[in-house]
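For reference, the structure is listed below as structure tokens.
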Amino acid sequence: MSSTRYSHPLDKYLRTEVIPHVMCPGCGNMSIANAFLRAVDKIFGSFEKFVFVSGIGCAAWIPSPHFKADTIHTLHGRPIPVAIGVKLANPDLHVVVISGDGDLVAIGGNHLIHAARRNADILVIMVNNFNYGMTGGQLAPTTPHGAITITTPYGNPEHEIDVSKIVAEAGANYVARWTILHQIQLENSFKKALQMEGFRFIEVLSPCTSRYVPRNFGNLKNILDFFKKNTIDIQVAQRKGSTEGKIVIGEFVIRDRPGLVRSIQELRSRALNAWRSSR
Ligand SMILES: Cc1ncc(C[n+]2csc(CCOP(=O)(O)OP(=O)(O)O)c2C)c(N)n1
């Protein structure tokens, strides 16, 4: 089967040999990639100083194999410790984790909380599609109460976790949540977060069109309508004094505490000075 593919200005960031990509039709993953690549292109113009780390799952396939960059596709749940290691050994690099909610919050949840607490200098982009998409659509910590998954056919008896809130509380320098409909805001968040130090976390609500959407929304349009009608920007919620029972989106935290790299460098020079003056 032959197909015609037209070149695109962002092609230089992609391994065009793996295009058409591996995601399901209507999946939000590649529109997240698109917003991210626009941000990188406008601020940096190349992937020269980037390293991407991902775990296991569909979202983890955004950078690897699609990005023409240095990428590490590591064990399920472990992209964050690997990324921190890369950053501490190479402080000049931009280290970005792109992975799913199952990878980062279920099996990898402990790493996420402590990376935020340590204000480790990495950007984590979490695609929240409300279930484990790759393995058939099982229950995740992010699955809303009552939602149908392959392991909760009569509805989820548990309550979902608000990941952005936890990461904000744990100490991250930047936390934002958007949906794939918020392309401009997403691009701006990526641009801002890429230029900050410390731990930066961007959650993106995204449709899993093969698993979660058919079981809970019927079709893609319904979940996109849901995103449109049932999200409220934090600034609007603060003005109104109510979230109106909606999912809160927007920028939750912007602060400039020293990141882990700077903290360690400062500590090292203090320790060296103390050692020198003691001799
Ligand atoms: C140690 C281990 N446990 C379980 C799995 C099976 N597994 C592969 S991907 C995945 C979950 C992926 O979900 P998520 O991170 O939300 O990504 P999505 O596919 O939804 O984008 C699981 C449980 C595995 N690969 N390794």
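Just follow the structure's listing: the first ligand is 1, and inside any ligand the first atom is 1. Heads up: numbering here begins at 1 and tracks the sequence.
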Qualifying residues under ring-ring contact (aromatic ring centres under 6.0 Å, His included), relative to H182, sequence neighbours excluded: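 So H182 forms a ring-ring contact (aromatic ring centres under 6.0 Å, His included) with W178.
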Proximal protein residues to ligand 1, non-hydrogen atoms under 4.0 angstrom: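 Contacts of ligand 1 under 4.0 Å: I56, G57, C58, A59, H76, G100, D101, G102, D103, I107, N129, N131, Y132, G133, M134, T135.
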Check: F67 ring centre within less than 6.0 Å of F50 ring centre: no
Using a strict 4.0 Å threshold on nitrogen-to-oxygen distance, state whether [X] and [Y] make a salt bridge.
X: K165; Y: E169; value: no
X: E244; Y: K240; value: yes
X: E251; Y: R177; value: no

Donor-acceptor contact present, side-chain R78 to main-chain T74, <3.5 Å: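 Here the side-chain-to-backbone pair does not exist.
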